[in-house]
Amino acid sequence: MTAALEQAQKALAAGEVPIGAVVAVDGEIIGTGHNERQASNDPTAHAEVLALRQAAQHQGDWRLADAILVVTLEPCPMCAGAAWASRIGRVVFGAANMEAGSLGSLLHVGADPRLNHEFPVTGGVQAEACTALLDTFFDQLRRP
């Protein structure tokens with residue numbers, strides 16, 4: 001989670017919503033990402049999607065069954081779907097996402113038996129640090 005928080009700090013410094021993600025296999029980080037929606041004008045440039053793309057390129061395979069996705073905020077439906085599509089081995093997230101969380105808060109894409117791939121999810125890892133970054137960003141937006 002420390003590496004994902006570092007990615008979130010990069011997003012914050014760039015004026016993006018501070019969400020960071022990393023993908024690791026056997027403790028080695030093979031993909032990183034932080035939100036880049038504003039900079040790229042790309043609605044799909046979420047931290048998780050960027051990290052998963054980089055990891056797949058690194059592996060030379062879209063299947064990431066041996067990988068762990070670590071992200072500072074519970075993934076939205078798109079990002080949970082991207083994790084599902086990559087056949088991710090596990091997801092770990094920091095802060096719960098009560099507005100769009102799709103790995104336990106509103107939906108649970110990782111544990112839906114109707115889908116052809118399920119994966120374990122662990123939430124709440126360093127949740128306070130992850131939430132603090134988001135609070136900092138939104139407090140700055142609200143200042144006159």
Side-chain angles (χ1 to χ4, degrees), residues 1-140:
M1 185 61 73
T2 300
L5 281 163
E6 290 171 2
Q7 288 295 313
Q9 287 283 2
K10 290 181 182 181
L12 182 64
E16 301 273 357
V17 176
I19 300 170
V22 297
V23 177
V25 174
D26 296 328
E28 177 192 355
I29 294 174
I30 61 168
T32 62
H34 57 79
N35 275 8
E36 296 182 15
R37 291 189 313 170
Q38 300 298 328
S40 64
N41 291 313
D42 179 353
T44 68
H46 287 207
E48 302 94 322
V49 170
L50 299 174
L52 289 166
R53 285 179 185 160
Q54 192 177 89
Q57 290 298 310
H58 179 271
Q59 295 285 85
D61 191 351
W62 62 269
R63 291 176 194 87
L64 299 172
D66 296 329
I68 298 172
L69 171 64
V70 180
V71 59
T72 57
L73 181 67
E74 179 183 0
C76 71
M78 176 183 70
C79 295
W84 165 82
S86 75
R87 305 303 190 258
I88 199 74
R90 174 179 208 79
V91 174
V92 174
F93 68 84
N97 181 350
M98 299 314 292
E99 294 177 357
S102 296
L103 291 180
S105 291
L106 298 179
L107 310 169
H108 201 321
V109 172
D112 189 332
R114 297 171 296 176
L115 298 173
N116 65 349
H117 175 66
E118 294 180 60
F119 49 90
V121 175
T122 302
V125 177
Q126 295 188 36
E128 290 178 10
C130 297
T131 300
L133 270 178
L134 290 163
D135 288 347
T136 297
F137 175 79
F138 288 110
D139 287 347
Q140 289 173 354

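What's counted below: heavy atoms across the whole structure, side chains too, no hydrogens, waters or symmetry copies.
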Nearest-0.5 Å distance, [atom1] of residue [X] to [atom2] of residue [Y]:
| X | Y | atom1 | atom2 | answer |
| --- | --- | --- | --- | --- |
| K10 | E6 | NZ | CD | 7.5 Å |
| T44 | L50 | OG1 | CG | 7.5 Å |
| E48 | L69 | CD | CG | 6.5 Å |

If you count heavy atoms of other groups shown closer than 6.0 angstrom to [atom1] of [X], is the number above 12?
| X | atom1 | answer |
| --- | --- | --- |
| D61 | CG | yes |
| D26 | CG | no |
| E118 | CD | yes |

Considering only heavy atoms from C-beta outward, does the side chain of [X] approach that of [Y] to under 4.5 Å?
| X | Y | answer |
| --- | --- | --- |
| I19 | H46 | no |
| Q126 | T2 | yes |
| Q59 | V25 | yes |
| E36 | D42 | no |

Taking only residues two or more places apart in sequence, or in another chain, which ones meet F137 in a ring-ring contact (aromatic ring centres under 6.0 Å, His included)? none

Tell me the ring pair (Phe, Tyr, Trp, His ring centres under 6.0 Å) pairs involving residues 107-133, sequence neighbours left out? H117-F119

Backbone N/O of G33 and side chain of Q54: donor-acceptor pair under 3.5 Å: no

Please check: side-chain N/O of N35 versus main-chain N/O of P18, any donor-acceptor pairing under 3.5 Å? no

If you look only at distance, which donor and acceptor atoms sit under 3.5 Å apart when one is on a side chain in residues 72-88 and the other is two or more places apart or in another chain?
{"residue": "T72", "atom": "OG1", "partner": "G20", "partner atom": "N", "Å": "3.1"}
{"residue": "E74", "atom": "OE1", "partner": "N97", "partner atom": "N", "Å": "3.0"}
{"residue": "E74", "atom": "OE1", "partner": "S105", "partner atom": "OG", "Å": "2.5"}
{"residue": "E74", "atom": "OE2", "partner": "S102", "partner atom": "N", "Å": "3.4"}
{"residue": "E74", "atom": "OE2", "partner": "L103", "partner atom": "N", "Å": "3.0"}
{"residue": "E74", "atom": "OE2", "partner": "G104", "partner atom": "N", "Å": "3.1"}
{"residue": "E74", "atom": "OE2", "partner": "S105", "partner atom": "N", "Å": "2.9"}
{"residue": "W84", "atom": "NE1", "partner": "N116", "partner atom": "OD1", "Å": "3.2"}
{"residue": "S86", "atom": "OG", "partner": "A83", "partner atom": "O", "Å": "2.8"}
{"residue": "S86", "atom": "OG", "partner": "I88", "partner atom": "N", "Å": "3.3"}
{"residue": "R87", "atom": "NH1", "partner": "W84", "partner atom": "O", "Å": "3.2"}
{"residue": "R87", "atom": "NH1", "partner": "A85", "partner atom": "O", "Å": "3.4"}

Sole candidate of V121, V125, V70 that passes side chain to side chain contact (heavy atoms under 4.5 Å, CB included) when paired with F93: V121

[X] and [Y]: which non-hydrogen atoms are nearest, and at how many Å?
| X | Y | result |
| --- | --- | --- |
| C130 | A95 | CB-N, 3.9 Å |
| Q140 | L12 | OE1-CD1, 4.2 Å |
| G89 | P120 | O-CD, 3.2 Å |
| V22 | Q7 | CG1-CG, 4.4 Å |

